[in-house]
Amino acid sequence: TGAHRDLHRDKEGNLAINGIIDDIKSVTAGEPATEPAAENEAPDSENSADNGADALAIAIGRIEVDGDSAFGLHDESVDPPLNTQIKVKTLTLAALDSRKPEQKSALNFEAGIGDHAAIDLEGDVQPFLEPPGVAVKSTISAMDLPPLSPYAEQALGLALDSGTLDADIKVDSGKDKLDGMVKLTLYHLQLKNVESENSLQSSLPVPINVALDSLRDGNDTIALKI
């Protein structure tokens with residue numbers, strides 16, 4: 001309760017939490033504890049019986065974050081960097097057990113993003129599977145698009161001048177397949193071309209903003225399913 005944490009993504013796209021996750025995976029998998037002896041060295045009697053570490057089991061009944069809790073996100077992988085705040089209403093994750101990678105852990109997340117946007121996510125995750133399993137549904141409402149413009153410029157070659165977004169998202173992953181549906185509703189979206197050689201727009205015969213204009217209804221709304 002009352003947790004405040006900054007999440008920093010560097011210019012290469014790395015999050016500090018990635019290192020924590022890698023550390024957890026290494027201790028739950030059982031990494032070698034000592035270096036193998038060189039060929040011309042006698043084995044150490046104390047270590048020769050077992051040259052690796054036993055896997056460490058991690059079991060957590062429930063994690064819950066509520067109250068006046070928030071996460072600040074600072075992303076330097078885009079230009080200009082993104083700075084926003086995620087205000088947590090509820091975050092719960094239950095039944096984590098590294099000894100049971102197939103076990104599903106219930107996830108529930110409700111939060112506000114920036115000044116007006118809200119996100120609601122629920123479902124199951126399997127964080128100890130390789131790759132991790134996910135079966136979640138999420139809704140996003142009133143997301144202001146201009147702050148996300150650096151991502152659009154990088155990927156699409158378009159700047160987001162104005163607009164808001166609602167989304168319904170369903171994602172279900174198996175061991176070899178990712179399945180899902182994203183329903184997007186864009187309100188009063190205005191785009192502007194930017195200089196970009198390797199963007200999606202540079203490889204398409206029809207400009208993206210022209211294609212989207214053809215989908216607008218009389219209320220300046222665009223509905224898409226992906």
Using 0.5 Å steps for rounding, measure from the NZ atom of K104 to the CD atom of Q126. 6.0 Å
Is any side-chain heavy atom of L184 closer than 4.5 Å to a side-chain heavy atom of I226? yes
Is a donor on one side and an acceptor on the other found under 3.5 Å between the side chain of S138 and the backbone of D120? yes
Where do D166 and S141 come nearest, in terms of heavy atoms and distance? OD1-CA, 3.3 Å
Take L215 and L224, measure what side-chain contact (heavy atoms from CB on, under 4.5 Å) needs, and give me the verdict at the end. CA-CA 9 Å; L215 299 175; L224 299 171; 3.4 Å; yes
Is there a side-chain contact between I63 and L96 in this structure, where contact means two heavy atoms from C-beta onward sitting under 4.5 Å apart? yes
Please find the pair of heavy atoms, one from A111 and one from V88, that lie closest to each other, and give the distance. CB-CA, 4.1 Å
What distance do L212 atom CG and L186 atom CG have between them, rounded to the nearest 0.5 Å? 7.5 Å
Taking atom NE2 of H74 as the centre, does the number of heavy atoms from other residues, nucleotides or ligands within less than 6.0 Å exceed 12? yes
Side-chain heavy atoms of K192 within contact of L158, under 4.5 Å: no
Are the charged groups of E102 and K100 less than 4.0 angstrom apart, N to O? no
Taking all non-hydrogen atoms of both residues, which atom of G163 and which atom of P146 are closest, and how far apart? O-CD, 3.7 Å
Would you say the side chains of T1 and D66 form a donor-acceptor pair under 3.5 Å? yes
Are L93 and F109 side-chain neighbours, meaning at least one heavy-atom pair lies under 4.5 Å? no
What one should report as the nearest heavy-atom pair of A95 and S105 is O-OG, 2.8 Å
Distance, nearest 0.5 Å, that separates OH of Y187 from CG of D220: 11.5 Å
Begin from the C-alpha positions of T92 and L107 and carry the test side-chain contact (heavy atoms from CB on, under 4.5 Å) through to its verdict. CA-CA 6 Å; T92 58; L107 172 65; over 6 Å; no
Any side-chain heavy atom of L145 within less than 4.5 Å of one from T164? no
Any chance you could measure H188, atom NE2, to N219, atom CG, to the nearest 0.5 Å? 7.5 Å
Are side-chain heavy atoms of L121 and N108 found at a separation under 4.5 Å? no
Closest non-hydrogen contact found for A159 with E153 is CB-OE2, 3.6 Å
Quick one: pull up NE2 in H8 and CD in E76 and give me the separation to the nearest 0.5 Å. 3.5 Å
If we only count heavy atoms from C-beta on, is the D6 to F71 side-chain gap below 4.5 Å? no
Using 0.5 Å steps for rounding, measure from the CG atom of D68 to the NZ atom of K89. 13.0 Å
Provide the closest heavy-atom pair for D75 versus S77 in the form atom of the first, atom of the second, distance. OD1-OG, 2.6 Å
Is there a side-chain contact between M181 and K225 (heavy atoms, below 4.5 Å)? yes
